[in-house]
Amino acid sequence: MCGIAGYIAKDKQTLDPEILDRLRDALWHRGPDGDGRYIKGPVGFIQTRLAIIDLNTGDQPLYHENGSALIANGEIYNYLELRKELGEEGFKTHSDSETALRIFARDGIGGFDQLRGMYAFAIHDVVDNQVVLCRDPFGIKQVYYVETPEYFAFASEAQALVAAGLVGREVRDDARSELLQVQFTTGSDMILDGIKRLQSGETIVLKNGRIVERRRRQVLSDAGATGNNLESALYEWDRVFEESVRLHQRSDVDYAMFLSGGVDSASLLGMMHRLNERPVTAYTAAFEASSVHDERELAREVAKACNANHIEVMFSENDFWTLLPEVAARMDDPAADYAILPTYKLAKEAARDFKVVLSGEGGDELFGGYGRYRSVMRPFLLGGRVMRSKGTFDKIDVLRPGVLEGWRDGIAASESRESRGKRSRLAIAQAVDCADWLPNDLLLKLDRMLMAHGLEGRTPFLDPVVAEFAYQLPDRLKVRKGVGKFLLRSWLERCLPMAKPFAKKRGFTVPVSEWIAARGKELGPLVARQAGIIEIADADRVEKLFNTPGKREGAACWHLLFYALWHQANVLGHAPCPDVFETLASFQKS
């Protein structure tokens, strides 16, 4: 796990080594165990390393005997199998990443389809005088890039490109409207103008700093469902899941996991318990007394049944006010997902003793867990509707005219793109979520919050073999009688019944609206006078909104508060203060 960045000068431009220094410094938190540098002609790479596999000889860049060089972020979990297939001769290290370099030398960019893992890597191919950038098929690891007439530059985090002086801080209006309405942004263009995201599963090839080829790896089939019955599907799922968790546990350092009261993390702990002789350490977020559902009791029961070392991490109202400015600043590619807050604190606690944690992201998307999927499956005359047809600020009169214009265009484009082959309406909805919601919210949150503490997050559900199995299941094994994740719940009921997989569950919730409402009179005027908010909203209406109780109003207040703090840090460039109120008060506009 690392931070990577690079700079490729075009035409007769020259490479300034100081740019690599600035990129490295901006990514140092991602890899505090060391750094590496590569410069050859107009091409320069840097890497900051968090050592997980091959602690002794895995420093980067890694070299092929033909002179080509690689830097990588992430892990390739099936590297041992690939090494055996490639033949051990020629390998210079025991690093998992070296397999990508040797696969490329033998098979070209098409060979990357053999990789199972989370990764973003760059290769300087000196044989064909080109640079290759590749991102894993689910988008677990991010790559951002800037292309100008003088250079092409990339980095694991967008803020590194800004900090290096390679791009400005201007906000794109259409991406801002998405963020305000649905809490994340879609597509290849990031919210900061001029910065693009390498898409999930995408590989690009550059010659002389210009993109000359694009290739996209797809892991979600469009061939339609198979006829698996429940018993055969359960047997196959047990095999597939065990293999994926076993691969995701490969590490030369100790690992732990994140446990909620949900089906996905309980399934993960159950399988880890099966595969590990020693007790697994599981971290659970807990909240002070509030109106939101707290799943600590169920998490305790599951942990006890699995003989896990269970650590509860309390997240308080005070944590909300003190951590939010730093958290918003870390989300350089913004997602207004309140789960970023407990994730940040869980990561901080876990990083005291571990470098790796496993978590359950992806279970809902692959097995049909969300309530919105059930709505999609129903006929329109019986209450069915398209996903995300409504946004946070619908019927809330606070934003200026035109601010929300076109907010659903990116989602609609994704729906059109994913409606292909023999996919059912459920399968299309799952594919749409995997295209944008998963990489640009859930996985982005996991990456930024964990890497802020030098902690690696692994997601066994997001594996190509798991996806191949899950995506070909018939709809009836995903959703049955109004219950999502039917197959996964059935498996868990047999393997770990104390997890109560068929009990009615509430979604993971943080009481942010409750905390904001309690201090709305104090908070409203401060938010209303922030530079980012003045551009989009009427100040008096913002103040009124923060004094209006209600679930929908609370969600709108949260989005405005998050955006105000994000804008301060990532657009204006102000460092966060120790708490929300001090941060907001420091940079008001009259």
Side-chain angles (χ1 to χ4, degrees), residues 2-28 30-31 35-48 60-63 67-73 100-101 104 109 119-135 141-172 175 187-199 202-215 332-333 570-571 573:
C2 311
I4 62 171
Y7 182 96
I8 302 100
K10 294 182 179 180
D11 300 324
K12 295 183 180 179
Q13 303 294 323
T14 57
L15 170 62
D16 181 358
E18 290 187 7
I19 292 175
L20 298 182
D21 291 339
R22 294 195 293 269
L23 289 167
R24 177 202 60 199
D25 293 345
L27 296 172
W28 190 254
R30 297 185 65 92
D35 66 298
R37 175 182 300 239
Y38 169 85
I39 298 177
K40 189 174 183 64
V43 177
F45 293 162
I46 65 96
Q47 186 234 30
T48 60
Q60 297 183 18
L62 300 172
Y63 294 93
S68 296
L70 171 144
I71 55 169
N73 170 29
L101 184 60
F104 173 73
I109 61 175
Y119 49 81
F121 56 77
I123 297 173
H124 184 203
D125 173 15
V126 298
V127 175
D128 290 323
N129 191 28
Q130 60 187 10
V131 172
V132 175
L133 271 176
C134 179
R135 186 181 183 190
K141 295 291 104 181
Q142 295 81 33
V143 180
Y144 301 86
Y145 66 89
V146 174
E147 188 173 15
T148 77
E150 291 78 33
Y151 57 81
F152 180 100
F154 66 91
S156 296
E157 297 182 10
Q159 59 83 20
L161 299 170
V162 175
L166 299 173
V167 69
R169 299 173 181 266
E170 185 175 346
V171 172
R172 291 176 47 245
S188 59
D189 291 311
M190 190 212 165
I191 194 170
L192 294 180
D193 193 31
I195 302 180
K196 291 185 175 292
R197 298 185 280 220
L198 199 65
Q199 293 291 278
E202 189 173 27
T203 299
I204 60 175
V205 179
L206 301 103
K207 284 184 177 290
N208 194 29
R210 294 177 175 84
I211 300 173
V212 297
E213 184 179 354
R214 290 183 184 272
R215 184 181 186 274
D332 56 338
D333 189 355
N570 291 286
V571 177

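All values derive from a computational prediction rather than experimental measurement. Throughout, numbering of the chain's residues begins at 1 and tracks the sequence.
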With Asp25 via side chain to side chain contact (heavy atoms under 4.5 Å, CB included) - residues at least two apart: none
Please list, one pair per line, the donor and acceptor atoms closer than 3.5 Å that link side chains of residues 126-134 to other protein atoms, with sequence neighbours excluded.
unit_1: Gln130; atom_1: NE2; unit_2: Asp125; atom_2: OD2; d: 3.0

Set of salt bridge (charged side-chain N to carboxylate O under 4.0 Å, His left out) partners for Lys207, sequence neighbours left out: none
Which class fits the ring pair Tyr63 and Tyr38: parallel under 30°, tilted 30 to 60°, perpendicular over 60°? tilted
Closest heavy-atom pair and its distance - Ser156, Cys2: OG-O, 4.3 Å
Test of understanding: with side chain to side chain donor-acceptor pair (under 3.5 Å), list the residues that count as partners of Arg135, not counting sequence neighbours. none
Could you tell me the separation between the CZ atom of Phe121 and the OG1 atom of Thr203, rounded to the nearest 0.5 Å? 6.5 Å
Residues at least two apart in sequence or cross-chain that pass ring pair (Phe, Tyr, Trp, His ring centres under 6.0 Å) with Tyr144, listed by chain then number, are none
Does the distance from a Lys or Arg side-chain N to an Asp or Glu carboxylate O, for Glu202 and Arg197, drop under 4.0 Å? no
At what distance, to the nearest 0.5 angstrom, does CD1 of Ile191 lie from CG of Asp332? 11.0 Å
Distance in Å, Glu147 CD paired with Ile204 CD1, rounded so as to fall on 0.5 Å steps: 8.0 Å
Atom CG in Leu62, atom CG in Leu101: separation rounded to 0.5 Å? 7.0 Å
Asp189 meets the side chain to side chain donor-acceptor pair (under 3.5 Å) criterion, sequence neighbours left out, with Lys196
Residues at least two apart in sequence or cross-chain that pass side chain to side chain donor-acceptor pair (under 3.5 Å) with Arg169, listed by chain then number, are none
With a 3.5 Å distance limit and no angle check, can you tell me whether Arg172 reaches the backbone of Met190 through a side-chain donor-acceptor pair? yes
Distance-only donor-acceptor hits, side chain of residues 159-166, under 3.5 Å, sequence neighbours excluded:
unit_1: Gln159; atom_1: NE2; unit_2: Ala26; atom_2: O; d: 2.8
unit_1: Gln159; atom_1: NE2; unit_2: Glu157; atom_2: OE1; d: 3.0

Answer yes or no: is there a donor N or O on one side and an acceptor on the other, between the side chain of Lys40 and the main chain of Ser68, under 3.5 Å? no
Any chance you could measure Trp28, atom CH2, to Asp35, atom CG, to the nearest 0.5 Å? 4.0 Å
So that I can tick it off, tell me whether Arg37 and Asp21 are bridged by a salt bridge, with the cut-off set at under 4.0 angstrom between side-chain N and carboxylate O. yes
Mind checking whether Asp16 and Tyr7 have side chains closer than 4.5 Å, heavy atoms only? no
In this structure, CG of Leu70 is separated from CD of Gln60 (nearest 0.5 Å) by 6.0 Å
Non-hydrogen side-chain atoms of Leu27 and Ile46 separated by less than 4.5 Å: yes
Nearest heavy-atom approach of Ile4 to Gln47 is CG2-CG, 3.9 Å
Are any non-hydrogen side-chain atoms of Leu206 and Phe154 less than 4.5 angstrom apart? no
Would you say that Val43 contacts Leu15 through its side chain, given a criterion of any heavy-atom pair below 4.5 Å between the two side chains? no
Can you check whether Glu170's main-chain N or O pairs, donor with acceptor, with Asp193's side chain at less than 3.5 Å? no
Could you work out, with salt bridge (charged side-chain N to carboxylate O under 4.0 Å, His left out) as the rule, every residue matching Asp11, not counting sequence neighbours? Arg210
Test Tyr119 against Lys141 for side-chain contact (heavy atoms from CB on, under 4.5 Å), laying out the working first. CA-CA 6 Å; Tyr119 49 81; Lys141 295 291 104 181; 5.6 Å; no
Please name all residues satisfying side chain to side chain donor-acceptor pair (under 3.5 Å) with Tyr151, sequence neighbours left out, ordered by chain then number. none
Sequence-distant partners of Glu213, side chain to side chain contact (heavy atoms under 4.5 Å, CB included), two or more places apart: Ile109, Val205
